[in-house]
A.B. asks: 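Before anything else, here's the structure in question.
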Amino acid sequence: DAGITQSPRHKVTETGTPVTLRCHQTENHRYMYWYRQDPGHGLRLIHYSYGVKDTDKGEVSDGYSVSRSKTEDFLLTLESATSSQTSVYFCAISESGGGHTEAFFGQGTRLTVV
Amino acid sequence: GESVGLHLPTLSVQEGDNSIINCAYSNSASDYFIWYKQESGKGPQFIIDIRSNMDKRQGQRVTVLLNKTVKHLSLQIAATQPGDSAVYFCAERGRQAGTALIFGKGTTLSVSS
């Protein structure tokens, strides 16, 4: 497995509270991504990063923010958690952001907002 | 908009049969395609990829076919085994730097002994 660690692996939080998920990589890959996975929707891109302090929005970015202060860490923050953000969140890394390079995924974080 | 879809949400086969999982994509600018396998409770795992300048690529027991004329991608698994039971996703990507993978909704493959 690629060196990707997501934390926490499971979390239950209350509506309205802020939540931060962490993705840590040991591969020194430039690109990092956050996806959410929901039944019937597959994996949808939330935000991605193409370098330290360089981030951009994905398809479902509303209600989420990200930060990347070091190459190895990419944080996803739910500013005020809502029940619609109950999901499984996956971090992915890629050596190149385009072209013929696959992305490697972490094990996922299951988040429940009650 | 860009989208990648799969023809069937579920596929059930017998052990030893060959499986074919299909995927249709809509973005003609995509030039790289990947198949991922996801087992329960785990993240997606890379199976095989193909570039748009290819029609076919083979791996160990798996073959990916790309038909750019009709924007169709398929994954063939030979001699399907119970361990192949999982959800399979196709994904596409454009050639521009910074483009992320776009995923289809997935096909659940069930292999019975």
Side-chain angles (χ1 to χ4, degrees), chain A residues 1-6 9-10 21 23 25 27 29-51 54-61 66 68 74 87-110, chain B residues 1-10 21 23-27 29-54 57 59 62 64 66 86-108:
Chain A
D1 288 346
I4 308 169
T5 304
Q6 290 186 232
R9 292 294 312 280
H10 302 272
L21 308 182
C23 178
Q25 61 143 330
E27 305 296 324
H29 283 354
R30 179 181 175 188
Y31 290 84
M32 299 185 75
Y33 308 86
W34 277 107
Y35 287 86
R36 61 177 288 175
Q37 185 174 36
D38 305 288
H41 290 279
L43 289 118
R44 293 180 292 174
L45 181 68
I46 305 172
H47 281 279
Y48 69 97
S49 170
Y50 47 97
D54 293 323
T55 65
D56 207 348
K57 296 179 180 180
E59 175 188 0
V60 290
S61 60
V66 290
R68 191 160 177 211
F74 192 32
S87 186
V88 180
Y89 291 85
F90 287 99
C91 173
I93 64 173
S94 178
E95 190 170 13
S96 169
H100 311 137
T101 309
E102 68 268 33
F104 299 96
F105 284 80
Q107 292 288 76
T109 294
R110 183 173 294 278
Chain B
E2 300 177 10
S3 66
V4 177
L6 289 167
H7 294 304
L8 292 174
T10 60
I21 300 172
C23 174
Y25 66 95
S26 61
N27 186 1
S30 293
D31 76 333
Y32 179 59
F33 305 88
I34 306 176
W35 281 100
Y36 283 91
K37 173 186 180 183
Q38 186 178 25
E39 297 174 298
S40 180
K42 296 184 178 181
Q45 292 179 290
F46 172 88
I47 301 174
I48 191 168
D49 59 0
I50 188 167
R51 303 179 183 185
S52 61
N53 62 352
M54 303 169 68
R57 190 163 188 224
V62 294
V64 55
L66 175 63
V87 180
Y88 290 81
F89 293 94
C90 65
E92 63 177 311
R93 163 183 269 168
R95 62 169 57 91
Q96 299 92 339
T99 53
L101 287 168
I102 298 172
F103 285 81
K105 293 182 173 54
T107 290
T108 299

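Only a predicted model underlies this, so the values are computations on that prediction, with no experimental measurement involved. In what follows, every chain begins at residue 1, and chains take the letters A, B, ... in the order their sequences are listed.
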A.B. asks: Of all of A:Gly58, A:Gly108, A:Gly106, A:Ala103, which one pairs up most often with chain B through heavy atoms under 4.5 Å apart?
C.D. replies: A:Ala103
A.B. asks: Could you look at A:Arg110 and say if it's the side chain, the backbone, both or neither that has a heavy atom under 4.5 Å from chain B?
C.D. replies: neither
A.B. asks: The criterion is side chain to side chain contact (heavy atoms under 4.5 Å, CB included); which residues satisfy it with B:Arg57, sequence neighbours excluded?
C.D. replies: B:Ile48, B:Asp49, B:Ile50, B:Met54, B:Val64
A.B. asks: Within the structure provided, determine whether B:Leu101 and A:Tyr35 are in side-chain contact (heavy-atom separation under 4.5 Å).
C.D. replies: yes
A.B. asks: Can you check whether A:His29 reaches A:Ser94 side chain to side chain, under 4.5 Å on heavy atoms?
C.D. replies: no
A.B. asks: Measuring heavy-atom distances to chain B, does A:Gln37 have an atom under 4.5 Å in its side chain, in its backbone, in both, or in neither?
C.D. replies: side chain
A.B. asks: Sort A:Leu45 into side chain, backbone, both or neither according to what part of it lies under 4.5 angstrom from a heavy atom of chain B.
C.D. replies: side chain
A.B. asks: Side chain, backbone, both or neither: which part of B:Phe33 has an atom under 4.5 Å from a heavy atom of chain A?
C.D. replies: neither
A.B. asks: Can you confirm whether A:Arg44 is buried at CZ, in the sense that more than 12 heavy atoms of other residues, nucleotides or ligands lie under 6.0 Å from that atom?
C.D. replies: yes
A.B. asks: How would you list, by chain and number, every residue that makes a side-chain hydrogen bond (donor to acceptor under 3.5 Å, both in side chains) with A:Asp54, sequence neighbours excluded?
C.D. replies: none
